[in-house]
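Written below as C-alpha cells is the structure these notes are about.
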Amino acid sequence: MDIGIDRISFYTSNYFVDLKTLASARSVEADKYYVGIGQEKMGIPPPDEDVVTLGASAAWPLKRDGELDDVELLLFATESGIDQSKAAGIYVHGLLEMSPRCRTVELKQACYSATAGLQLAIGFVARNPGKKALVIASDIARYELGSPGEATQGCGAVAMVVSANPRLVAIDPECGYYTEDVMDFWRPNYRSEALVDGKYSTMVYIHALIESWRQYAALTGRSLAGFDRFCYHIPFTKMAEKAHEKLCRKFNEPLDSERVRILLDESLRYSRITGNCYTGSMYVGLASLLDTAREDLAGKRIGFYSYGSGCVGEFFSGTVQPGYRDFCCAEAHHNLLANRAELTYQQYEDIFNYGVPTDGGEYVFPQYKTGPFRFSGISQHKREYESLME
Ligand code: CAA
C-alpha cells in the first residue's frame, strides 16, 4: 500500500519587505541578498498573525474541501511555539471545528520536526489505512535587527494531509537520518529571536546531508542520478544550491549548472519571495515544485533533504502520482503571493518591535489583512482568536 502526501496547502503573511529596502537600510549592496544568498523578499507577519493563524489558514482550504473529515491525528510542527504546555495544534483543531476524535500533539526539533511529523503520520496510516493525518508546519523566522540572519527571515505554514493511496506524492520507506549534538542555531526560552553561528550552521547542514545520503544510498542502492528533482530544506535558496553541489562533488556525481537549475529551480521559487519558513520550508519547496513545474512530474522521483539545527538531518524520497495537478492548490498559492502588500522599512521595524503583552491584561490587537483567522487579542494570559469566515 502506498502512503504519502495526499494534499498540500501553503499560507504566508500578506505583507513582505523587499530585500532591496533592507539592503538600503543596512548599507549593503542589494545583490548580496538577491544573488549572494538568493533571496528577494521576506514575509513579515503582522501583530495579528502567529503560528496558529498561519497554520489554520494553510489548512482551511483542505477543511473546506472536506479533506479533513477522516483525520484522527493532527501533528503541529513548529519552532516558534506560543505556549510551553498547550499544543498550538489544539487551537487549530478548534478553529477548524475538527472532530474531537483526534490525537493532537506539537512537535519540536528546529526546522526538522515536520519531517518527523510526516514519518509519524505515515506510521499512523499504515496502522489505520482508512484514516488520515494532518501535518501542519508553521513558523516565523526571526533574527535580531541588523544581524547576518536578518535577510533570511520569513514566515509561513504548510498543511499536508497524509493518507493511503495519496494523490500527490507516495513516500518511499527507506530513509537516511542523522543526529548530532551541536550548537549551530538555537532559541532559549527567554528569547524571541534565534541565536545562530551562521557559517558553522551551513557546514553542519552539509555534514548531516552527506551522512543522511550515505545511509539512504546504502539502503536503496540508488545514485544521485536516479532523481528527477530535489527538495532541500531552504533557509535561503543559495544554501540548497550549494548543498546539492557539495553532495554531488562528494559522491562524484557529474554536475553542471544547467542540470542543477533543472533539479532545484522550481522548488526554490516560493521560498525566494517568502523567506525561511523553518519547519515548513522544505514543504513550501515541494508545493512550489508541484505548482510551478511545466513538465508533467507524474512518475518522477523526488529526493528530499530535511534539516533542523541542533541537529537532525534526514534524506528520503517519493514519487509524484499520476493526475497530481488536479489536487494542487497552485492558483490559490499564486494569488496569495501575488497580492501581498509591501512594507516600508519603518513599517517593518514597527511590526518587528510589536511584542505580545505579557502582563496578563486585556488587549485587542490592530486588524491587519490576514487569512480566514486572526490573533485578535490576549486576555488574562489567554490568546484569543477570531474566525473571519461567515
Ligand atoms: N553580490 C553578490 N554576492 C555577494 C555580494 C554582492 N554584492 N556581497 C556578498 N555576496 C555573497 C558572498 O560572497 C557570500 O557568498 P558565498 O557564500 O558564496 O561566499 C554570500 O553573498 C553571503 O555573504 P556573507 O557570507 O558575507 O553573508 P553573511 O555572513 O552576512 O550571512 C549567513 C550569511 C551567515 C548564512 C547568514 O545569512 C545567517 O546567519 N543566516 C541564518 C543561519 C542560516 O540560515 N543557516 C543555514 C544553515 S542552518 C539551517 O538551515 C536551519 C535554519 O533554517 C536556520
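This is a predicted model, so every value here is computed, not measured. All ligand and atom numbering here is 1-based and tracks the order in the structure.
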Dump the intermediate steps for side-chain contact (heavy atoms from CB on, under 4.5 Å) on Thr12 and Tyr270, then the final yes or no. CA-CA 10 Å; Thr12 186; Tyr270 288 174; over 6 Å; no

Check the pair Tyr305 / His244 against side chain to side chain donor-acceptor pair (under 3.5 Å), numbers first and verdict last. CA-CA 10 Å; Tyr305 175 60; His244 189 69; over 6 Å; no

Test side-chain contact (heavy atoms from CB on, under 4.5 Å) applied to Leu209 and Lys246, step by step: CA-CA 10 Å; Leu209 167 63; Lys246 288 240 160 77; over 6 Å; no

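In the displayed structure, Arg64 atom CZ is contacted under 6.0 Å by more than 12 heavy atoms of other residues, nucleotides or ligands.
We find that Asp6 and Arg167 are joined by a salt bridge, their nearest charged nitrogen and carboxylate oxygen being less than 4.0 Å apart.
Thr292 meets the side-chain hydrogen bond (donor to acceptor under 3.5 Å, both in side chains) test with Arg269; sequence neighbours excluded.
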Could you go through ligand 1 and note, for every N or O atom, any protein N or O atom closer than 3.5 angstrom, writing the atom names and distance to 0.1 Å, or 'none'?
unit_1   : atom_1 : unit_2 : atom_2 : d
ligand 1 : 7 (N)  : Glu29  : OE1    : 2.9
ligand 1 : 17 (O) : Lys242 : NZ     : 2.6
ligand 1 : 18 (O) : Lys242 : NZ     : 2.5
ligand 1 : 25 (O) : Lys199 : NZ     : 2.2
ligand 1 : 29 (O) : Lys199 : NZ     : 3.4
ligand 1 : 30 (O) : Lys32  : NZ     : 2.8
ligand 1 : 37 (O) : Pro148 : O      : 3.3
ligand 1 : 45 (N) : Ser201 : OG     : 2.8
ligand 1 : 50 (O) : His233 : NE2    : 3.3
ligand 1 : 53 (O) : His233 : NE2    : 2.8
ligand 1 : 53 (O) : Asn276 : ND2    : 2.9

